[in-house]
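Working notes for the structure below.
Numbered from 1 within each chain, the chains take letters A, B, ... in sequence-line order.
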Number of protein chains: 2
Amino acid sequence: MTDALTAVFSPDFLERESARVGALLADYVRRAQRREGPVLVQRSIEEILAALDFDRAVAHGGADLAALVATVLDNSNRLHHPRYFGHQVAVPMLPSSLADLVHGVLNNGMAVYEMGPAGTAIERGLVRWMRGKIGWGDEGDGILTHGGSLGNLSALLACRERVAPGSFKAGVPSNLVLLASEAAHYSVARAASIMGLGGDAVVKIAVDDALRIVPGALSRACDEAARAGKRVLAVVANAGATPNGAFDPLREIGAFCRREGLWLHVDGAHGGAALFTGRYRELLDGVELADSIVCDMHKMLGTSTLACAVLVKDRAALAGTYEQYAPYLHGDEERQGVDLSKLTFECTKAQLSLKLFFNLALVGEAGLAAHVERLFDSARRFHDLLARRPSFECFGAPQANILCFRIGRDSQAQDHIRQQLVQEGSFYVTRTTLRGESWLRLVIMNPRTSDADIEALAARIEALAHAPAP
Amino acid sequence: MTDALTAVFSPDFLERESARVGALLADYVRRAQRREGPVLVQRSIEEILAALDFDRAVAHGGADLAALVATVLDNSNRLHHPRYFGHQVAVPMLPSSLADLVHGVLNNGMAVYEMGPAGTAIERGLVRWMRGKIGWGDEGDGILTHGGSLGNLSALLACRERVAPGSFKAGVPSNLVLLASEAAHYSVARAASIMGLGGDAVVKIAVDDALRIVPGALSRACDEAARAGKRVLAVVANAGATPNGAFDPLREIGAFCRREGLWLHVDGAHGGAALFTGRYRELLDGVELADSIVCDMHKMLGTSTLACAVLVKDRAALAGTYEQYAPYLHGDEERQGVDLSKLTFECTKAQLSLKLFFNLALVGEAGLAAHVERLFDSARRFHDLLARRPSFECFGAPQANILCFRIGRDSQAQDHIRQQLVQEGSFYVTRTTLRGESWLRLVIMNPRTSDADIEALAARIEALAHAPAP
């Protein structure tokens, strides 16, 4: 092997560079936690490639890894900065970050048990633990997969095979509809499109002022579908709607679905984490009536992206969908463990389980609960701080850790202010459209975000709103 | 925050644990490279959970991270062991492993540019580089996604929208068929199932003795589909078939597809890596005629799982498929960079680009080429070694780095031998079914696998074959 190839497989390289890169990353976290530097930087693609000496590095190699990492850090967002409240991705707990390193070196797949016993065992342990929290007792099964979009698709495919048996083999019937909250995440409509139903087959269920499904509207939507000769594939409810974190009334919806024999899928990508808390578990009251649930670990459960748990009540639902013939994988009769590829879309299956387990093993259930509760609590307190300022209008009180508000009523003005915050890097704030108008949106993901940070944000927004146009 | 929660967000914890975990991993790699210990261990799920003290750790926390990692290592496969030739996943180059750590700490998404400028810039740089290697010149676009199954699905969805415009919105027509090699990976049939066509809509194109598409069979399959009133969604060819690494004759197939106006999708999850070599580039002769290609970075390009490049010739094909309305993501007009979520299934987009870039930046294009060529070369040499032993029958000479062979002709005997090798952990070998019979299958992924390792494997298999039944 060439010297460079020898080096990149060398344990000495790994030992040295993990310490160097670890130290650089620690320094990045340290400075971010101290609120040093901007929350985010926005250079152009060509500037960043030039800073990395990209073309030369690719052509000739020989770069210094730590120097590359330093340049990457200089051009990345600082989620560990307390003034980050941008998107629904975790400020990762660092045991999960180290799980990424372990996975990166081991690269143990888990399509079949023999490829990765440790990762498989841990995944089965976590699924058992989650099933218990849902209240399914001995029922249920589940799988970890890359992200909530794939999670929603996976659950809805399992449901499609149940509602329209043989679809996997013979194709999808043309009269299926999906009933989903008006506030459903776009991955739900996308799943309908991918599955061959088409986005038009998503019937939107009306929501109230807080973006929660109105149960009467669900019943009406069902009746209309029946009158139009449609069959309902599933009802999709939110446990933590993306725009504002709203929780649908799961017990009422679940009872309706049970009566009508409908599959209830709960998109708990964000708010499913309330399952693992004490004080906020009631937001999910009735969740045990669901047939399938997704919950992202990389949102409220403190892991890096992507990592989603897909849980189904009927143990046979996933297996009936995904088990296909792959002779180079499944050939033997007698073996240890369980072959997870039979339960999931992904043929190569990464050790996602390590991430959540390492977090849990360090902080325990109570620590994870305290983390989620703290973020939910903070959003309530920050809402009160903003509501007290007369310049601001809040979009209702938060159920989860997402806050929508605006200054004045002009949509363009909200967008302009947000863009200025992003450009100056002082705070990371997102936006959304609610009832056709723009609102600013905070997702409180960082346990270090303080009342003072929110007061500083409010003051900065007021200053930008009152500044003369450039 | 509780002490445990404070610790898991602490930069000091990160600095200390990355060095400790890095040292443990380095030791694991070091011992594996020296051929110490078994290649793989196969304990039961409950044994592993007990060794991790799983239930107590989850309930109470307080575990020592390094101790957990040590237990995980004890129950994992050793891909770095030269006697690993199990599955088509990389023995990771360690810069890519460290990219996992960087991602694990930064957790910069890339759905919109502002979430992760560095990762986005690098991804755009890599896609530009790959387009050039395909020979598309200034044409083409691409995206990185989690794995080849999602890659194949993504490309076929882009194609579906092109061939049957409006499917995304209105649902899929019932007369689409997919023409795919008899040796296509199961994710192709699965994609057809997921997309609503149904697995029965996959028309299998006959292959020759080496599992390569017979061009005449493709033409006949097309005619038959037309006579039956079917529309061809796409032709799927292999660049590195999963069972034996066979490359379909892309120039002939591509010319046919051009004449007939058919979308050609090349599943190069494994063998697409030949693009980046000198001596094996000819295996992909004609690849520029394809409309879409997938190539996994976690197979031959030395990254950990999952990381796949999906490349399309028509720049508008991905964008026309995936761009949907997500107001909390896309609202502003003026901004830096490019928002990759508009090109891909995944809503939260991880920094997969760092993995391949870090490898390339250390070894350069020539180093990556040398790595792929070395593995392909080794398989040819190992084939000759096995072919010289009269006990063995080889399934043809390898085109890539996958070798199929058997000892005797009894299928059960091959399976039994493989199972014994797995149980004793001496070598990791897989199996496949070819023409209805079992064959042993080696995937040469480890640059340290030597002729002596293959000779030792052959001797061990002969011994097991001749041992009296237990």
Side-chain angles (χ1 to χ4, degrees), chain A residues 4 8 11 14-15 18-19 22 25-26 29-30 42 45 48-49 54 57-58 60-61 63 72 75-76 92-94 97 100-101 104-108 117-118 121 125 146 149 168-172 186 193 196 198-199 304-305 326-328 331 336 347-348 350 360-361 363-364 367 431-433, chain B residues 4 8 11 14-15 18-19 22 25-26 29-30 42 45 48-49 54 57-58 60-61 63 72 75-76 92-94 97 100-101 104-108 117-118 121 125 146 149 168-172 186 193 196 198-199 304-305 326-328 331 336 347-348 350 360-361 363-364 367 431-433:
Chain A
V8 296
L14 174 61
E15 188 153 10
S18 54
L25 291 166
V29 172
R30 197 172 283 125
Q42 296 292 290
I45 287 176
I48 295 170
L49 293 178
F54 183 89
V58 167
H60 303 294
V72 167
N75 290 285
S76 292
M93 295 185 189
L94 300 164
S97 314
D100 283 310
L101 174 62
V105 175
L106 266 61
N107 203 23
N108 271 214
H146 280 98
S149 293
F168 236 78
K169 195 163 179 306
V172 72
Y186 72 96
S193 293
S304 59
T305 55
Y328 48 90
Q336 290 283 9
C347 302
T348 302
L360 271 170
V363 305
R431 63 170 298 288
T432 192
T433 302
Chain B
V8 295
L14 174 61
E15 188 153 9
S18 53
L25 290 167
V29 172
R30 197 172 283 127
Q42 298 290 291
I45 288 176
I48 296 171
L49 293 178
F54 183 89
V58 167
H60 303 293
V72 167
N75 289 285
S76 292
M93 294 185 189
L94 300 164
S97 313
D100 283 311
L101 174 62
V105 175
L106 266 60
N107 203 23
N108 271 215
H146 281 98
S149 293
F168 235 77
K169 195 162 180 306
V172 73
Y186 73 96
S193 292
S304 58
T305 55
Y328 48 91
Q336 292 282 10
C347 302
T348 302
L360 271 170
V363 305
R431 62 170 298 289
T432 192
T433 303

Could you tell me if the side chain of B/Ile48 sits less than 4.5 Å from the side chain of A/Pro117, heavy atoms only? yes
Sub-4.5 Å side-chain heavy-atom contact between B/Leu106 and A/Val72 | yes
Note: A/Ala4 and B/Val363 closest approach over all heavy atoms is O-CG1, 3.8 Å
Chain B shares the most heavy-atom pairs under 4.5 Å, among A/Ile45, A/Val172, A/Leu360, with A/Ile45
Of B/Gly367, B/Gly171, B/Ala350, the largest count of non-hydrogen pairs under 4.5 angstrom with chain A goes to B/Gly171
Looking only at A/Val29, A/Thr305, A/Asn75, A/Leu49, most heavy-atom pairs under 4.5 Å shared with chain B are made by A/Thr305
One option among A/Ala63, A/Ala361, A/Gly364 has the most heavy-atom pairs under 4.5 Å with chain B, and it is A/Ala361
Counting heavy-atom pairs under 4.5 Å with chain A, the top scorer among B/Val58, B/Thr348, B/Leu101 is B/Val58
Residues passing the side chain to side chain contact (heavy atoms under 4.5 Å, CB included) test with B/Ser304, sequence neighbours excluded, are A/His103, A/Asn107, B/Ser96, B/Asp100, B/Lys355
Contacts of B/Ala26 meeting side chain to side chain contact (heavy atoms under 4.5 Å, CB included) (sequence neighbours excluded), chain-then-number -> A/Pro11, A/Leu14, A/Glu15, B/Arg30
Smallest heavy-atom separation, A/Pro92 atom then B/Gly104 atom, equals CG-O, 3.3 Å
Answer key: most heavy-atom pairs under 4.5 Å with chain B among A/Ser149, A/Ala170, A/Gly22 is A/Ser149
Under 4.5 Å to a heavy atom of chain B? For A/His146 that would be both
